[in-house]
Number of protein chains: 2
Amino acid sequence: MYVTLLSEPTPVNFAAVKRLEDVTSTRPSRYAAGAHLFYEGDPADYVYEIQSGTVRLTRVLETGCRQVIAFGLPGDIVGFPDGGLHHTECDALTPVVVIAHRRTALEAGEGDPKTHQRLFHAALREISTMQDHLMMLARKSALEKVASFLIALSQRIGRCNGTVTVVDLPMSRTDIADFLGLAIETVSRTFSQLRQLGAIVLETPQTILVRDIGALVKASQAVGH
Amino acid sequence: MYVTLLSEPTPVNFAAVKRLEDVTSTRPSRYAAGAHLFYEGDPADYVYEIQSGTVRLTRVLETGCRQVIAFGLPGDIVGFPDGGLHHTECDALTPVVVIAHRRTALEAGEGDPKTHQRLFHAALREISTMQDHLMMLARKSALEKVASFLIALSQRIGRCNGTVTVVDLPMSRTDIADFLGLAIETVSRTFSQLRQLGAIVLETPQTILVRDIGALVKASQAVGH
DNA sequence: CGCGCTTTTGAGATAACTCAATACAGGTGG
DNA sequence: CCACCTGTATTGAGTTATCTCAAAAGCGCG
């Protein structure tokens with residue numbers, strides 16, 4: 001496992017050191033944008049509670065095809081292991097502050113029971129969240145996917161600014177496409193479509209103003225079969 | 001919660017009775033084909049370990065659009081709650097025998113630690129499985145989806161019969177379509193395509209012979225972007 | 001000012017969908 | 001026992017949403 005700690009200007013690899021330091025469950029770690037928290041196949045020594053910033057969880061198919069499994073936003077807990085190993089890759093899209101909880105805090109018994117309970121319920125919640133995502137990928141149109149995505153993002157990281165909600169996208173169009181199972185061009189076109197519908201304003205490509213949440217909700221609703 | 005116990009010829013609703021009986025973690029329960037183990041929104045008193053038969057986990061969008069989240073096959077554990085509630089609907093596709101584990105056995109501390117451990121790891125595995133499924137839905141073509149599905153099924157419930165593997169499909173084409181995010185006609189056409197490729201033989205619509213596993217694997221591999 | 005990167009827009013190709021008809025199978029009743 | 005009927009599955013034909021390839025636009029940076 002390669003862990004890159006934030007230390008400007010040059011990120012330094014401190015994986016071994018970190019393990020020796022015996023990081024507690026409560027001290028926050030910092031990662032620079034682009035730094036990896038873990039790779040697929042790494043032994044899962046920690047699960048990570050995002051305090052600030054955004055991380056990206058990806059899986060890479062043998063063929064090289066990327067799929068973004070999830071974005072980790074403040075409050076999220078990422079890196080649940082299977083068989084003691086990470087089965088996704090996780091890197092920081094922005095500078096992030098995380099709390100690394102030892103995996104043993106997730107298993108029963110050891111450590112603070114309150115923390116254990118919190119991590120455990122986060123794992124159950126993760127299952128539910130993934131089911132939502134499954135539904136979205138399988139059944140929604142491009143417009144519905146992008147609208148749903150923007151609604152979820154605005155609820156999580158939107159800053160309500162009088163009449164509009166400002167959402168600073170921490171991820172690229174490519175990331176959004178890989179998350180929603182769309183081509184990047186389709187994502188871009190759909191943003192334009194939502195703009196033409198008057199639902200959003202693209203202040204910059206990364207700064208979105210949600211102007212008409214009703215229109216966004218309407219666009220997000222699948223009409224079913 | 002409505003629980004229908006198998007009692008031929010008429011299935012009987014015994015939800016209240018069941019709760020009073022205080023079912024233990026180790027006694028198997030039986031359900032007839034079509035019976036519901038739980039509904040979306042039910043308080044999640046139990047998680048279910050499938051001993052034999054197949055169950056179907058579905059979610060219904062507000063609009064009435066169905067999505068099959070997963071099929072529960074022997075060895076699977078289904079019904080992980082979120083916030084104490086079931087967030088899917090679960091019914092039996094065939095007669096099933098399940099072990100109903102009290103939800104408290106999933107939470108730390110109470111009950112047999114060995115059982116707790118098993119249930120807990122099943123929850124973690126579930127996350128990983130869902131990520132695989134996510135990937136499939138987002139990135140694979142119809143042919144790749146159906147081929148992957150058949151491979152997985154044949155590994156789980158296939159009976160190797162000399163030169164071919166026999167797979168009895170417990171679910172309908174509609175179920176497969178709703179699981180893979182395809183139209184039923186596309187599923188059917190893809191089965192035909194795999195037949196024409198010599199990968200499978202459709203003895204009956206529900207009985208599939210895997211004739212050339214290599215061809216099936218080849219068909220299942222996404223070429224990536 | 002110009003280069004490189006991301007995003008947007010355009011135009012044509014295509015995989016999967018929809019609608020429609022046919023085939024098949026299992027169960028029921030004459 | 002066979003004809004019928006109902007539900008499921010298959011096949012066909014045309015439509016469409018999304019993808020792919022290609023070009024233009026916007027933006028940051030040296």
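Here is how names work: the chains are called A, B, and so on, in the same order as the sequence lines, proteins then strands, and each is numbered from 1.
- A side chain to side chain donor-acceptor pair (under 3.5 Å) check over residues 157-167 of chain A, counting only residues at least two apart or in different chains, returns the pairs Arg159(A)-Asp168(A).
- Spacing between atom CG of Asp178(A) and atom P of dC19(D) amounts to 11 Å, rounded to whole angstrom units.
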Sequence neighbours left out, cut at 3.5 Å: what donor-acceptor pairs do the side chains of residues 90-97 of chain B make with other protein atoms?
unit_1, atom_1, unit_2, atom_2, d
Asp91(B), OD1, Arg56(B), NE, 3.1
Asp91(B), OD2, Arg56(B), NH2, 2.6
Thr94(B), OG1, Thr54(B), N, 3.0

Acceptor/donor pairs from residues 191-203 of chain A side chains to any protein atom, 3.5 angstrom cut, sequence neighbours excluded:
unit_1, atom_1, unit_2, atom_2, d
Ser192(A), OG, Ser188(A), O, 3.2
Ser192(A), OG, Arg195(A), NH2, 3.4

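- A tilted orientation is assigned to the rings of Tyr48(B) and Tyr46(B), their planes being inclined by 30° to 60°.
- Following rounding to the nearest Å, Gln196(B) (CD) and dT10(D) (P) show an atom-to-atom distance of 12 Å.
- Residue Leu143(A) contributes atom CG, which lies 8 Å from atom P of dT18(D) at whole-angstrom precision.
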For residues 180-187 of chain B, tabulate all N or O donor-acceptor pairs below 3.5 Å that involve a side-chain atom, not counting sequence neighbours.
none

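- We find that NZ of Lys140(A) is positioned 18 Å from P of dA17(D), with the value rounded to whole Å.
- Counting any heavy atom pair closer than 4.0 Å across all strands shown, Ser141(A) reaches sugar-phosphate atoms only and no base atom.
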Readout for nucleotides 2-8 of chain C: B = base within 4.0 Å of protein heavy atom, S = sugar-phosphate only, - = neither; 5' to 3' it is -----SB
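- Taking the side chain to side chain contact (heavy atoms under 4.5 Å, CB included) definition, one finds that Ala70(B) meets it with Leu57(B), sequence neighbours left out.
- A straight line from CD of Gln193(B) to C1' of dA16(C) spans 12 Å, rounded to a whole angstrom.
- Atom-to-atom, CG of Leu180(B) to C1' of dA16(C) comes out at 13 Å; the value is rounded to the nearest Å.
- When the side-chain nitrogen and oxygen atoms of Thr186(A) are compared with OP1 and OP2 of dC19(D), one or more of them lie within a distance under 4.0 Å.
- The distance between atom CZ of Arg139(B) and atom P of dT18(D), rounded to the nearest whole Å, is 14 Å.
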